[in-house]
Number of protein chains: 2
Amino acid sequence: MDYAGRLTAHLPMATRVLMLKSDGSVLIHSDGGSYKPLNWMSPPCSVKEITSEDQVEWVVTGKNDDTLRILIEEIQHDSSHELGIDPGLQKDGVEKHLQELLAEHPATLSAGLTLVRREFPTAIGPVDLMCRDAEGRSVAVEIKRRGDIDGVEQLTRYLDLLNRDPLLTGKGEVRGIFAAQEIKPQARVLATDRGITCTVVDYDALRGLDDPTERLF
Amino acid sequence: MDYAGRLTAHLPMATRVLMLKSDGSVLIHSDGGSYKPLNWMSPPCSVKEITSEDQVEWVVTGKNDDTLRILIEEIQHDSSHELGIDPGLQKDGVEKHLQELLAEHPATLSAGLTLVRREFPTAIGPVDLMCRDAEGRSVAVEIKRRGDIDGVEQLTRYLDLLNRDPLLTGKGEVRGIFAAQEIKPQARVLATDRGITCTVVDYDALRGLDDPTERLF
DNA sequence: CAATTAATGTCGCGC
DNA sequence: GCGCGACGTTAATTG
């Protein structure tokens with residue numbers, strides 16, 4: 001196989017699995033690795049088959065002059081199937097859902113915390129949750145599935161900006177809470193250094209706070 | 001199919017392609033989309049088959065209690081093949097290669113520029129290229145395939161550090177060059193604001209500077 | 001349509 | 001083995 005597009009790549013002749021989808025896209029899998037093929041062509045693209053004496057060649061052309069040439073010396077097995085339209089995947093549990101759950105139960109982050117609004121708008125982007133604590137101080141919450149340094153930097157930028165707003169700082173400086181299902185040690189150190197509270201969120205426990213009869217799974 | 005791990009996901013019953021690799025990993029593909037399966041389990045993992053009256057169930061267990069349950073109502077086709085060890089993919093044209101080419105031809109970045117060394121070590125990581133200009137000033141080059149804000153931040157951190165080293169600043173402040181095949185507008189604004197020069201690199205032209213007889217493709 | 005951001009990212013290198 | 005950054009990232013969301 002030879003690929004030319006964003007990069008140039010070559011695969012020596014070997015036994016592999018070729019998958020050809022109905023949109024013309026092609027996947028070349030080896031027996032291992034992960035779900036990522038060794039090489040591929042994404043749709044939209046078209047496949048042209050060139051048959052010569054003792055071999056078959058596929059020339060796959062994608063957008064932007066991407067080309068994939070596959071030489072087939074031997075076919076161990078060939079099978080074709082009609083799959084029909086796929087109903088699609090239902091996902092649950094990413095950052096958005098975590099945000100919804102925490103918006104419903106802000107007190108799990110810190111006792112006495114109440115929600116002011118979700119996606120609180122600022123000039124440099126929305127703050128995930130804007131809350132108020134028992135003393136009336138504003139609290140900005142940044143939610144991540146995985147808490148690493150980038151998230152702390154992001155929250156810090158928000159806090160810098162928010163603390164210039166007299167409407168928010170009336171009862172004292174705006175506090176920050178960094179909430180994630182997992183917080184990396186480096187992120188925790190940086191956050192602590194900046195006076196930001198780190199909270200590890202237990203997703204299953206949060207879901208348990210909702211009415212179980214409303215859950216699909 | 002039901003998946004429970006980092007997130008929870010469900011796939012309704014439909015006709016799909018299941019691929020089972022020798023390391024136990026499982027891929028569930030629909031007839032379209034891209035190379036990414038609808039769902040999967042990455043190695044290391046193990047598959048257990050449970051056969052009942054009128055259906056087959058696969059229970060795939062991965063690391064961290066990830067589980068994938070697949071109910072199979074009907075098998076339209078089943079085929080197994082030994083692929084053997086794969087020779088692997090040969091790549092060409094990513095950042096590493098771009099760095100090699102620019103290291104050979106630093107003057108294409110800025111007239112009179114000469115290379116001091118590649119991967120110049122600092123306490124916070126290596127600078128892609130450390131150069132010197134015609135006036136003897138040090139020039140730090142950060143190379144990206146796609147230039148966005150992160151890259152400018154990275155180069156800024158390097159420059160802050162390098163400018164504290166008297167050995168480098170003897171002939172004046174260390175300059176920065178941000179080189180990429182494509183530079184995002186935001187990145188260009190930020191770089192300019194910080195006195196960093198932006199250079200769009202023409203990969204094909206750079207390759208042309210090398211002896212064509214040395215090229216494999 | 002371009003730009004921004006999350007991802008069950010995956011992959012590879014260096015410490 | 002962990003941490004960090006690139007990736008033909010891909011994919012979803014938003015302006």
Side-chain angles (χ1 to χ4, degrees), chain A residues 2-9 25-28 32-43 45 60 62-68 88-89 91-99 119 121 124-126 128 142-146 148-151 154 180-182 184-187 203, chain B residues 1-10 25-28 33-43 45 60 62-68 88-89 91-99 119 121 124-126 128 142-151 153-154 180-187 203:
Chain A
D2 282 291
Y3 168 75
R6 299 285 272 273
L7 56 69
T8 310
S25 58
V26 178
L27 285 66
I28 304 175
S34 67
Y35 69 71
K36 193 176 179 178
L38 288 168
N39 215 315
W40 69 94
M41 183 66 78
S42 306
C45 63
V60 191
K63 53 196 165 183
N64 245 69
D65 278 326
D66 281 24
T67 52
L68 189 62
L89 185 68
K91 278 189 184 183
D92 180 22
V94 280
E95 186 190 312
K96 191 172 164 184
H97 195 80
L98 207 58
Q99 192 191 105
E119 302 285 349
I124 55 170
D128 287 340
E142 177 63 34
I143 302 164
K144 293 283 176 205
R145 199 179 50 73
R146 262 182 166 152
D148 60 18
I149 276 186
D150 288 349
Q154 192 179 342
Q181 284 180 273
E182 178 198 349
K184 296 279 173 73
Q186 284 191 340
Y203 182 70
Chain B
M1 182 234 61
D2 283 290
Y3 168 74
R6 301 287 273 272
L7 57 68
T8 311
H10 173 74
S25 58
V26 178
L27 284 66
I28 304 175
S34 66
Y35 70 68
K36 194 177 179 179
L38 289 168
N39 215 315
W40 70 93
M41 183 66 79
S42 305
C45 63
V60 190
K63 52 195 165 184
N64 245 70
D65 278 327
D66 281 24
T67 52
L68 189 63
L89 185 68
K91 279 187 182 182
D92 179 24
V94 281
E95 184 194 310
K96 190 173 161 186
H97 196 78
L98 205 57
Q99 192 191 105
E119 302 285 350
I124 56 171
D128 287 339
E142 176 63 35
I143 301 165
K144 295 282 176 207
R145 204 178 51 73
R146 274 182 165 143
D148 60 15
I149 275 186
D150 288 350
E153 297 280 15
Q154 194 178 338
Q181 284 180 273
E182 177 198 349
I183 294 178
K184 296 278 173 73
Q186 283 193 341
Y203 182 69

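Below, chain A is the first sequence line, B the second, and so on; all start at residue 1. Keep in mind that this is a model prediction, so the values were computed, not measured.
- Among the protein residues, B/Tyr3 comes within range of the nucleic acid bases, having at least one heavy atom under 4.0 Å from a base atom.
- Nucleotide D/dC7 holds its C1' atom 15 Å from the CG atom of A/Asp66, rounded to whole Å.
- Here B/Trp40 does not reach the OP1 or OP2 of C/dG9: none of its side-chain N or O atoms lies under 4.0 Å away.
- In this structure the side chain of B/Trp40 never reaches within 4.5 angstrom of the side chain of B/Leu68, judged on heavy atoms.
- Atom CZ of A/Arg6 and atom P of D/dT10 are 7 Å apart (whole Å).
- In this structure, the NZ atom of A/Lys63 is 8 Å from the P atom of D/dT10, given to the nearest Å.
- One can place CG of A/Asp128 at 14 Å from C1' of D/dT13, the figure rounded to the nearest angstrom.
- Closest heavy-atom contact between A/Gln99 and A/Asp128: NE2-OD1, 3.6 Å.
- To the nearest angstrom, C1' of D/dT10 lies 15 Å from CG of A/Leu7.
- Residue A/Ser34 has no polar side-chain atom (N or O) positioned under 4.0 Å from OP1 or OP2 of C/dG9.
- B/His10 places a side-chain N or O within 3.5 Å of a backbone atom of B/Met1 that can act as its donor or acceptor partner.
- Both B/Gly33 and B/Gln154 lie close to DNA chain D; mapped to their nearest nucleotides by heavy-atom distance, the more 5′-ward contact belongs to B/Gln154.
- Contact between A/Ser42 and A/Ser25 at its shortest, heavy atoms only, is C-CB, 4.4 Å.
- When the P atom of C/dC11 is taken as reference, atom CG of B/Leu89 falls 12 Å away, rounded to whole Å.
- Atom NZ in B/Lys36 sits about 12 Å away from atom P in C/dC11, given to the nearest Å.
- Across the protein-nucleic acid pair, B/Glu142 atom CD and D/dC4 atom C1' stand 13 Å apart, rounded to whole Å.
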